[in-house]
Amino acid sequence: MDNEIREFYNEYGIREWNRLEEDIYSRINFILHMDFIKEHLHEGMKILDAGCGAGRYSIEFANMGCKVTLFDISDEQLRIAQKKINEQNVNHNIEGIFQGDIKDLSSFENESFDMIICYGAPLSYIIDDRECVISEFYRVLKHKGVLALSVNNKWGILKMLLGNQNLDFFSNPEYWLLNKVMETGDLLKHEKITHPPRHFFEGEELQKLLTDGDFKNITLGGSPCFSCGNAQSIEEICKDKKALETIIDIELKTYTKRTMVDNGEFLLAKGIKE
C-alpha cells in the first residue's frame, strides 16, 4: 500500500467530503460525473466504489437502491464514509467497506460487480503499472459490466492555473517542471506541492489504456468542461438562477464532445466488459 497517498488523504480529512459541494463550480463537477453514468444505474446493481474517499458517490448510489462496496487507501476517509453512511441511514445498501490499494483487488472474486466507479482521480496517483489496475478492474467486473473513472487532465490543469491568475507558475516554467509535465504528464516530487506524485492524462492516452485493457464502447468526457478555469466567474454569474441553468445546460451539451473533453479539469472515461 502506498503510505504517502494514505497519509495525505488521512490528513485531508473532511475536506474530501466537502470538496464536491463547496461552491457552484464543484457542484457542476458532481452533476457531470453523475450524468456520465446515469443510464447505467439501476436499483439492486452491485457497485464497487474504488477510491471512494469520504463516500459521497457511494451514498448517492445507495440512496438509489444500489448495493455498494466501498474501497479506499485511507482509513480516515473510510471512517468519515462510515459516519456519513450512518447519518444518512443507508447501511442496508452497503455491502462492505474495505481498505486497500486499487492495484490489488484480491479481496474480491472474479466477476463480483455490475459497475466499478473510480472517481476523483485515484488512477492519477498510479505512476507505474496503470495497466495492472485496469486488469484488476476488468477481472472483478461481471460480463457486460461498466467501468467509469475520472483522472486529472493535463490541459485542464493549465486552464485552472490560468484562471486562478497564477503568475508564479507561468513566469517560472522551469521551476514548476512545466515542460516535463506537458511532455510526460508526470508531476513528481516538488517542494511547493503537498500532493503525492500524480499523472495528468490526455483523452487519447486514457482511451488507449481502456482499449488495451479489452474494454469496449469507450466514451470520454471532461468535467467541468465549458467552465474549467473559470471558477470565480462561475460563482459570480451563477448567483442568477437562470444563468446557472444556462451554464449547466451548456455543460451537459458539450462535456462528451470529443473536441471538448481535453478542456476539462477531469477527464472522464467509461467502457464495457464484453
Notebook entry, point to check: Looking at L70 and C52, what are the two nearest heavy atoms and their distance?
Noted result: CB-SG, 3.6 Å
Next item on the list: State plainly whether the residues E183 and K180 are in salt-bridge range, i.e. N to O under 4.0 Å.
Entry: no
Item checked: Candidate pair E87 and K83, rule salt bridge (charged side-chain N to carboxylate O under 4.0 Å, His left out), full reasoning -> CA-CA 6 Å; E87 289 174 357; K83 182 175 182 289; 2.6 Å; yes
Hey, can you pull the donor-acceptor pairs under 3.5 Å for the side chains in residues 264-274, sequence neighbours left out?
residue	atom	partner	partner atom	Å
E265	OE1	Y25	OH	2.9
K270	NZ	F36	O	2.8
K270	NZ	E39	OE2	3.1
K270	NZ	H40	NE2	3.2
K273	NZ	Y138	O	2.8
K273	NZ	L141	O	2.7
E274	OE2	N217	ND2	3.1

Item checked: Pairing residues for Y119 by the ring pair (Phe, Tyr, Trp, His ring centres under 6.0 Å) criterion, not counting sequence neighbours -> H33, Y57
Margin query: According to ring pair (Phe, Tyr, Trp, His ring centres under 6.0 Å), who are the partners of Y175, at least two apart in sequence or on a separate chain?
Written below: H190
Item checked: Shortest non-hydrogen separation from C66 to H42 and the atoms involved -> SG-O, 3.6 Å
Item checked: Distance (rounded to the nearest 0.5 Å) between E111 CD and R139 CZ -> 10.5 Å
Note to self: Hydrophobic cluster membership, with links at side-chain heavy-atom distances under 4.5 Å among I/L/V/M/F/W/Y: are I14 and F30 in one?
What the structure shows: yes
Next item on the list: Mind running side chain to side chain donor-acceptor pair (under 3.5 Å) on S26 and D23 for me, showing each step along the way?
Entry: CA-CA 5 Å; S26 300; D23 52 33; 2.7 Å; yes
Next item on the list: Step by step, work out the salt bridge (charged side-chain N to carboxylate O under 4.0 Å, His left out) result for D75 and R6.
Entry: CA-CA 8 Å; D75 43 310; R6 181 181 63 81; 3.6 Å; yes
Next item on the list: Step by step, work out the side chain to side chain donor-acceptor pair (under 3.5 Å) result for D104 and S106.
Entry: CA-CA 6 Å; D104 179 9; S106 57; 2.8 Å; yes
Next item on the list: Would you sort out whether K239 and E236 count as a salt bridge (charged side-chain N to carboxylate O under 4.0 Å, His left out), showing the intermediate values?
Entry: CA-CA 6 Å; K239 290 177 181 178; E236 186 62 31; 3.2 Å; yes
Item checked: Spacing of S124 atom OG and D186 atom CG [to the nearest 0.5 Å] -> 10.0 Å
Next item on the list: Could you please spell out the steps behind the salt bridge (charged side-chain N to carboxylate O under 4.0 Å, His left out) verdict for E205 and K154?
Entry: CA-CA 11 Å; E205 175 190 11; K154 182 195 295 185; 5.7 Å; no
Note to self: Among L149, V140, I47, exactly one meets side chain to side chain contact (heavy atoms under 4.5 Å, CB included) together with I116. Which residue is that?
What the structure shows: V140
Check: Which pair of non-hydrogen atoms, one from F201 and one from L209, has the smallest distance, and what is that distance?
Finding: CE2-CD2, 4.3 Å
Note to self: Angle between ring planes, Y9 versus Y12, binned at 30° and 60°: parallel, tilted or perpendicular?
What the structure shows: perpendicular
Next item on the list: List the atom of R27, the atom of E21, and the distance in Å for their closest heavy-atom pair.
Entry: NH1-O, 3.3 Å
Next item on the list: Compare every heavy atom of F71 with every heavy atom of L48, then report the nearest pair and how far apart it is.
Entry: CD1-CB, 3.9 Å
Check: Does the side chain of E131 come within less than 4.5 Å of D212's, by heavy atoms?
Finding: no
Notebook entry, point to check: Looking only at heavy atoms, which two atoms of Y125 and R198 are closest? And how far apart?
Noted result: CE2-CG, 3.4 Å
Checklist line | Between D35 and Y255: side-chain donor-acceptor atoms closer than 3.5 Å | finding: yes
Next item on the list: Please confirm whether F215 and F137 have ring centers closer than 6.0 angstrom.
Entry: no
Next item on the list: Enter the distance from S107:OG to Q99:CD here, rounded to the nearest 0.5 Å.
Entry: 10.5 Å
